[in-house]
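Quick note: residue numbers are just sequence positions, from 1.
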Amino acid sequence: MIVLVAALLLLGIVLGPVVQIPFALSLTFGALIGCWLLVFAVRERTGARRRPR
């Protein structure tokens with residue numbers, strides 16, 4: 001139950017500022033973050049293949 005309360009509290013803190021800015025700007029920031037995460041994932045995967053185990 002504590003984990004659920006903490007997750008909802010964190011969600012409220014994170015989504016609070018998003019409500020205050022225009023929807024188009026929220027989508028733009030979301031797309032930028034998604035692209036950044038995609039680049040990070042690709043770099044991590046290619047880096048893991050190059051390293052010897």
*Asks:* Check side chain to side chain contact (heavy atoms under 4.5 Å, CB included) between Leu4 and all other residues, then give those that pass, not counting sequence neighbours.
*Replies:* Met1, Leu8
*Asks:* What side-chain donor-acceptor pairs closer than 3.5 Å can you find for residues 11-25, not counting sequence neighbours?
*Replies:*
none

*Asks:* Kindly write out the residues that satisfy side chain to side chain contact (heavy atoms under 4.5 Å, CB included) with Leu32, not counting sequence neighbours, or none if the list is empty.
*Replies:* Thr28, Phe29
*Asks:* How is the hydrophobic cluster of Val5 composed, in terms of its other members, when Ile, Leu, Val, Met, Phe, Trp and Tyr link through side-chain heavy atoms under 4.5 Å apart, directly or indirectly?
*Replies:* none
